[in-house]
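Residue numbers run from 1 in the order of the sequence given.
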Amino acid sequence: MKIVIVGAGGRLGAALMREYRDRFDLNGFNRAQLDLGHAEELREKLSPLDFGILINAAAFTNVDLCEKEREQAFRINAEAPGILAEICRDKKAKLIHFSTDYVFDGEKREPYLESDPANPISIYGESKRAGEENVLAVQDRHLVVRVSWVFGPDRPSFIDAVIKRARTEEQVDAIADKFATPTYTKDIAEMLPRFFDLDLVGGILHFANAGECSWQEYAQHALNCCHKLGVPLKARKVAPLKLSNMKNFIAHRPIYSVLSIAKYAAIASAPPRSWRDAVADYVNLSYLII
């Protein structure tokens with residue numbers, strides 16, 4: 001199977017490139033090679049290629065900067081996915097487009113279903129929701145996969161920032177009243193091929209590791225894993241912060257954006273592993289001192 005990955009230099013895209021390079025006929029584009037902000041460049045570079053699956057792992061993900069650069073956010077997160085969907089339709093190929101839990105307002109207090117109405121509260125969330133709509137309006141075989149709090153070894157994420165601080169500071173802190181679920185890029189890469197079948201109807205699918213947590217719980221578990229492995233850290237505890245006290249935040253963030261993985265579990269006949277196991281695996285892979 002021939003696959004194109006857009007966003008091959010990002011945290012998720014790089015993981016997909018690594019996991020798939022020996023299994024599929026793969027072609028990847030990083031930001032320097034393909035600018036999602038230029039519609040004609042997308043058509044010029046992708047239309048001549050032969051492929052059956054296009055995976056869009058690229059996005060304008062700086063939530064606060066999106067508030068300042070609305071037009072660019074919509075070009076990359078909304079207009080470009082629609083163009084990718086059209087290119088795939090014309091080739092009779094399938095688009096797998098990644099989206100986000102930020103399409104929800106966070107008012108719900110139980111995991112969001114794929115069928116729950118989206119109500120984004122930031123420009124980032126609005127642009128990503130528009131991208132979903134643009135993709136699914138082109139063809140129903142296309143698939144939108146919503147993920148949350150993505151981490152992995154290819155680019156530093158929240159976990160790595162916390163561990164880096166804990167190496168030099170005796171106390172670190174993290175938000176205690178915002179909840180979602182971490183999602184390991186390795187697990188995304190492992191689950192995705194079951195949806196490569198061109199005959200499968202698409203739509204929206206939620207995927208995250210099982211369970212839910214706050215940023216504080218997430219950070220504390222990462223530090224606990226490090227201490228268990230003997231990674232030298234100064235900090236042992238993660239102090240709580242309130243989301244309302246984060247004055248440097250420009251964009252509104254959903255307080256609760258846990259994604260229901262019931263649909264995926266039914267398709268796969270098993271849920272993903274827990275976020276705690278996934279984080280422990282990542283810490284062991286990235287920070288174990290041999």
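Two residues are said to be in side-chain contact when any heavy atoms from C-beta on lie closer than 4.5 Å; E132 and R146 meet this criterion. Contact of the D187 side chain with the P272 side chain is not registered, since no non-hydrogen atoms from C-beta on lie closer than 4.5 Å. At a threshold of 4.5 Å between non-hydrogen side-chain atoms, the residues K128 and H97 count as touching. At least one side-chain heavy atom of P153 sits under 4.5 Å from a side-chain heavy atom of T185. You'll find the side chain of L200 stays beyond 4.5 Å of the side chain of L143, heavy atoms only. H142 places a side-chain heavy atom less than 4.5 Å from the side chain of C88. Side-chain contact between P182 and C213 is present, with at least one heavy-atom pair separated by less than 4.5 Å. Inter-residue side-chain proximity for M1 and P193 is flagged as unmet; no heavy-atom pair is nearer than 4.5 Å.
The number of heavy atoms from other shown groups lying within 6.0 Å of NE2 (H38) does not exceed 12. With a 6.0 Å radius and a threshold of 12 heavy atoms from other residues, nucleotides or ligands, Q33 has its CD atom above the threshold. When the shell of 6.0 Å around NZ of K45 is examined, it contains more than 12 heavy atoms from other residues, nucleotides or ligands.
A parallel orientation is assigned to the rings of F104 and Y112, their planes being inclined by less than 30° (bins at 30° and 60°).
Side-chain N or O atoms of Y124 include none that pairs as donor or acceptor with a backbone N or O of L65 at under 3.5 Å. The closest donor-acceptor contact from the side chain of R194 to the backbone of A268 lies at 3.5 Å or more, if one exists at all. A donor-acceptor pair under 3.5 Å links the side-chain atoms of E217 to the main chain of S214, judged by distance alone. Side chain of R11 to backbone of P156: a donor-acceptor contact under 3.5 angstrom is found. Proximity of a side-chain donor or acceptor of T181 to a complementary backbone N or O of G211 within less than 3.5 Å is detected. Between the Q220 side chain and the V238 main chain, a donor and an acceptor come within less than 3.5 Å of each other. K91 places a side-chain N or O within 3.5 Å of a backbone atom of L49 that can act as its donor or acceptor partner. When atom types are taken as modelled, the side chain of R129 and the backbone of V103 share no donor-acceptor pair closer than 3.5 angstrom. With hydrogens and angles ignored, the 3.5 Å screen pairs a side-chain donor or acceptor of D64 with a backbone N or O of I250. Side-chain atoms of K178 come within 3.5 Å of backbone N or O of P254 as a donor-acceptor pair.
Side-chain atoms of D101 and S148 form no donor-acceptor pair, as typed in the model, at a separation below 3.5 Å. D160 and Y282 share a side-chain donor-acceptor pair at under 3.5 Å.
Distance check: I188 CD1 to F98 CZ gives 5.5 Å after rounding to the nearest 0.5 Å. Taking NZ from K234 and CZ from R165, the interatomic distance works out to 13.5 Å, rounded to the nearest 0.5 Å. With rounding to the nearest 0.5 angstrom, the CG atom of D154 is 12.0 Å from the NZ atom of K186. Note that CG of D116 is 8.5 Å distant from OG of S260, once rounded to the nearest 0.5 Å. Between R43 atom CZ and E41 atom CD the span is 12.0 Å, to the nearest 0.5 Å. Between atom CG of residue D50 and atom CG of residue N27 there is a gap of 11.0 Å, rounded to the nearest 0.5 Å.
Cluster membership check: V135 does not share its hydrophobic cluster with F74, using side-chain heavy-atom separations under 4.5 Å among Ile, Leu, Val, Met, Phe, Trp and Tyr. Cluster membership check: Y102 does not share its hydrophobic cluster with F60, using side-chain heavy-atom separations under 4.5 Å among Ile, Leu, Val, Met, Phe, Trp and Tyr. Tracing side-chain contacts under 4.5 Å through hydrophobic residues (I, L, V, M, F, W, Y), one never reaches I267 starting from V144; they form parts of separate clusters. Linking Ile, Leu, Val, Met, Phe, Trp and Tyr residues whenever their side-chain heavy atoms come within less than 4.5 Å places Y264 and I96 in a single cluster. I3 and F29 end up in different hydrophobic clusters when Ile, Leu, Val, Met, Phe, Trp and Tyr side chains are linked at under 4.5 Å.
Checking each of F158, Y184, F179, W215 against W149 for a ring-ring contact (aromatic ring centres under 6.0 Å, His included) leaves exactly one that passes, namely W215. Remark: of the listed residues E107, R109, K108, R109 is the sole one forming a side chain to side chain contact (heavy atoms under 4.5 Å, CB included) with I255. Of the candidates Y256, Y218, W275, Y256 is the only one forming a side-chain hydrogen bond (donor to acceptor under 3.5 Å, both in side chains) with E212.
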Let's go through N77 and S127 carefully: what are the C-alpha distance in whole Å and the side-chain angles of both, what is the deciding distance for side chain to side chain donor-acceptor pair (under 3.5 Å) to 0.1 Å, and is it a yes or a no? CA-CA 5 Å; N77 293 341; S127 64; 3.0 Å; yes

Apply side-chain contact (heavy atoms from CB on, under 4.5 Å) to the pair L241 and Q216, showing each step before the final yes or no. CA-CA 8 Å; L241 292 173; Q216 182 192 21; over 6 Å; no

Give the C-alpha distance, both sets of side-chain angles, the deciding distance and a yes or no for side-chain contact (heavy atoms from CB on, under 4.5 Å) between L223 and R236. CA-CA 7 Å; L223 294 196; R236 300 196 70 89; over 6 Å; no

May I have the step-by-step check of side-chain contact (heavy atoms from CB on, under 4.5 Å) for H206 and I204, ending in yes or no? CA-CA 7 Å; H206 290 174; I204 297 175; 4.2 Å; yes

I would like to know whether D281 and R273 meet side-chain contact (heavy atoms from CB on, under 4.5 Å); could you show each step before the answer? CA-CA 11 Å; D281 185 21; R273 61 176 165 170; 3.0 Å; yes

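Of all non-hydrogen atoms in I261 and A210, the two that sit nearest each other are CD1-CA, 3.8 Å. Across every non-hydrogen atom of A73 and C66, the tightest pair is CB-SG, 3.8 Å. For the pair A85 and V138, the tightest heavy-atom approach, listed with the atom from each and the gap, is O-CG1, 3.5 Å. Residue S274 comes nearest to N209 through the heavy atom pair C-CB, 3.9 Å, listed as atom of the first residue, atom of the second, then distance. What you find for A222 and I159 is that their closest heavy atoms are CB-CG2, 4.2 Å. The shortest heavy-atom contact between S157 and V150 is CB-O, 3.9 Å.
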